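Notes follow once the structure below has been shown.
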Amino acid sequence: TVKSFRAQMSKAQLEATPEAEIKRQEVMHELIHTERQYVDGLAFIVQGLLQPSRDKELLTRETLATVFLNVEALYGLHQQLVRDLEELQRKAPSPPLVEGIGPVLLKWAPQMKLYASYCSNHQAIAESLEAVRRTNKRFVAFLDEALQREEARGQTLAALQMTPVQ
């Protein structure tokens with residue numbers, strides 16, 4: 001579990017910090033925590049599902065490209081983003097106060113165009129996945145086993161794939 005921003009501060013820090021700043025810091029800490037969780041979910045899709053499906057040749061290249069689209073690129077983007085955000089936390093001059101999130105977000109904003117393709121093709125992803133589920137027993141067996149792992153958080157592949165759209 002992640003300690004809340006307030007729980008990371010001493011009583012003296014809390015008393016010396018205006019309430020508006022505390023609320024701002026809580027939002028920034030929640031953003032960083034949520035981004036970390038998102039990256040962990042993308043890691044499972046890429047490392048736990050996509051790469052093994054490719055390595056075991058469970059799906060054709062075309063089907064892999066349709067079912068997983070550009071999730072590897074999204075994963076790479078968010079790995080870098082969360083690394084930058086967590087670096088801000090580590091280098092904070094007076095922890096746990098975090099400064100400089102705006103420039104980090106602006107740095108990565110142009111890369112968010114990756115979502116245009118993912119979102120606009122989400123229906124095709126879902127349809128392709130459903131077709132694969134009906135016709136590819138090896139993939140279904142692999143998928144059912146992989147989704148039992150803790151990293152899947154009890155979600156289906158369709159639900160995991162919906163995360164970038166939300």
Side-chain angles (χ1 to χ4, degrees), residues 1-2 24-92 98-166:
T1 59
V2 175
R24 188 174 81 84
Q25 290 292 325
E26 287 173 338
V27 169
M28 289 191 290
H29 281 258
E30 180 63 25
L31 172 80
I32 295 168
H33 174 71
T34 301
E35 186 66 20
R36 168 48 57 203
Q37 288 182 310
Y38 181 56
V39 167
D40 292 346
L42 290 174
F44 175 70
I45 293 171
V46 171
Q47 298 168 359
L49 300 175
L50 170 60
Q51 290 172 349
S53 294
R54 183 185 299 136
D55 295 346
K56 296 176 183 182
E57 297 180 354
L58 297 173
L59 300 171
T60 66
R61 290 178 77 128
E62 295 78 22
T63 304
L64 277 168
T66 304
V67 170
F68 293 100
L69 200 63
N70 64 347
V71 74
E72 284 179 298
L74 293 173
Y75 176 51
L77 163 65
H78 286 280
Q79 279 182 299
Q80 294 171 337
L81 174 58
V82 80
R83 193 175 307 127
D84 285 356
L85 293 171
E86 289 174 342
E87 184 70 12
L88 288 176
Q89 280 185 311
R90 280 190 295 281
K91 291 186 172 181
V98 176
E99 298 295 332
I101 284 184
V104 169
L105 295 177
L106 288 173
K107 171 185 169 184
W108 293 107
Q111 301 303 315
M112 297 298 169
K113 66 184 175 218
L114 290 169
Y115 281 94
S117 175
Y118 193 91
C119 293
S120 65
N121 288 297
H122 190 265
Q123 185 62 36
I125 294 169
E127 290 169 4
S128 180
L129 177 59
E130 191 53 41
V132 168
R133 282 188 147 298
R134 287 191 307 269
T135 60
N136 187 329
K137 301 292 183 218
R138 277 185 63 218
F139 179 72
V140 170
F142 162 75
L143 186 60
D144 289 346
E145 183 179 318
L147 292 174
Q148 296 303 310
R149 295 180 19 209
E150 185 179 325
E151 304 95 86
R153 300 177 192 153
Q155 296 185 48
T156 65
L157 178 53
L160 288 166
Q161 289 175 313
M162 187 65 179
T163 304
V165 179
Q166 295 174 327

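Just so it is clear, the structure is predicted and the values come from calculations on it, not from any experiment. Start at 1 with the first residue, then count along the sequence.
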Taking all non-hydrogen atoms of both residues into account, name the closest pair between [X] and [Y] and its distance.
X: Leu64; Y: Ser53; result: CD2-CB, 3.9 Å
X: Ala146; Y: Gly48; result: CB-O, 4.2 Å
X: Val140; Y: Val132; result: CG2-O, 4.3 Å
X: Gln155; Y: Leu147; result: O-CD2, 3.5 Å
X: Tyr75; Y: Val39; result: CE1-O, 3.8 Å
X: Glu72; Y: Arg54; result: OE1-NH2, 2.9 Å

Please report the interatomic distance [atom1]([X]) to [atom2]([Y]), rounded to the nearest 0.5 Å.
X: Met28; Y: Gln89; atom1: CE; atom2: CD; answer: 9.5 Å
X: Leu74; Y: Gln111; atom1: CG; atom2: CD; answer: 11.0 Å
X: Leu77; Y: Trp108; atom1: CG; atom2: CH2; answer: 6.5 Å
X: Leu88; Y: Lys91; atom1: CG; atom2: NZ; answer: 9.0 Å
X: Leu143; Y: Gln148; atom1: CG; atom2: CD; answer: 10.0 Å
X: Gln79; Y: Glu35; atom1: CD; atom2: CD; answer: 11.0 Å

(message) Holding to ring-ring contact (aromatic ring centres under 6.0 Å, His included), I want the full list of residues that pass it with His29, two or more places apart in sequence or in another chain.
(response)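 For His29, the residues satisfying ring-ring contact (aromatic ring centres under 6.0 Å, His included) (neighbours in sequence not counted) are Phe5.
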All N/O donor-acceptor pairs, side-chain side in residues 112-120, below 3.5 Å, sequence neighbours left out:
| unit_1 | atom_1 | unit_2 | atom_2 | d |
| --- | --- | --- | --- | --- |
| Tyr115 | OH | Tyr38 | OH | 2.6 |
| Tyr115 | OH | His78 | NE2 | 2.5 |
| Tyr118 | OH | Gln161 | O | 2.7 |
| Ser120 | OG | Ala116 | O | 2.8 |
| Ser120 | OG | Ser117 | O | 3.3 |

(request) Report the residue from Thr63, Ile125, Leu59 that forms a side-chain contact (heavy atoms from CB on, under 4.5 Å) with Phe68. (result)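 Result for side-chain contact (heavy atoms from CB on, under 4.5 Å) with Phe68: Leu59.
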(request) Determine, stepwise, if the pair Leu129 / Phe139 fulfils side chain to side chain contact (heavy atoms under 4.5 Å, CB included). (result) CA-CA 10 Å; Leu129 177 59; Phe139 179 72; 4.1 Å; yes
(message) A quick test of your reading: do over 12 heavy atoms of other residues, nucleotides or ligands sit less than 6.0 Å from CZ of Arg61?
(response)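 12 or below, so no.
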Would the distance check show the side chain of [X] and the main-chain N or O of [Y] forming a donor-acceptor pair, the cut-off being under 3.5 Å?
X: Arg138; Y: Lys56; answer: yes
X: Gln25; Y: Val98; answer: yes
X: Thr66; Y: Glu62; answer: yes

(request) Could you tell me whether Lys137 and Asp144 have a side-chain N and a carboxylate O separated by less than 4.0 Å? (result)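 Asp144 and Lys137: not salt-bridged.
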(message) Does this structure show an ion pair linking Glu130 with Arg133, if we count only N-O contacts that are shorter than 4.0 Å?
(response)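 Salt bridge between Glu130 and Arg133, a charged N being under 4.0 Å from a carboxylate O: no.
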(message) If you apply the rule side chain to side chain contact (heavy atoms under 4.5 Å, CB included), what do you find for Ile101 with Ile32, and how did you get there?
(response) CA-CA 9 Å; Ile101 284 184; Ile32 295 168; 4.0 Å; yes
(request) Just do the side chain to side chain contact (heavy atoms under 4.5 Å, CB included) check on Leu105 and Leu81 with the steps written out, would you? (result) CA-CA 8 Å; Leu105 295 177; Leu81 174 58; 4.1 Å; yes
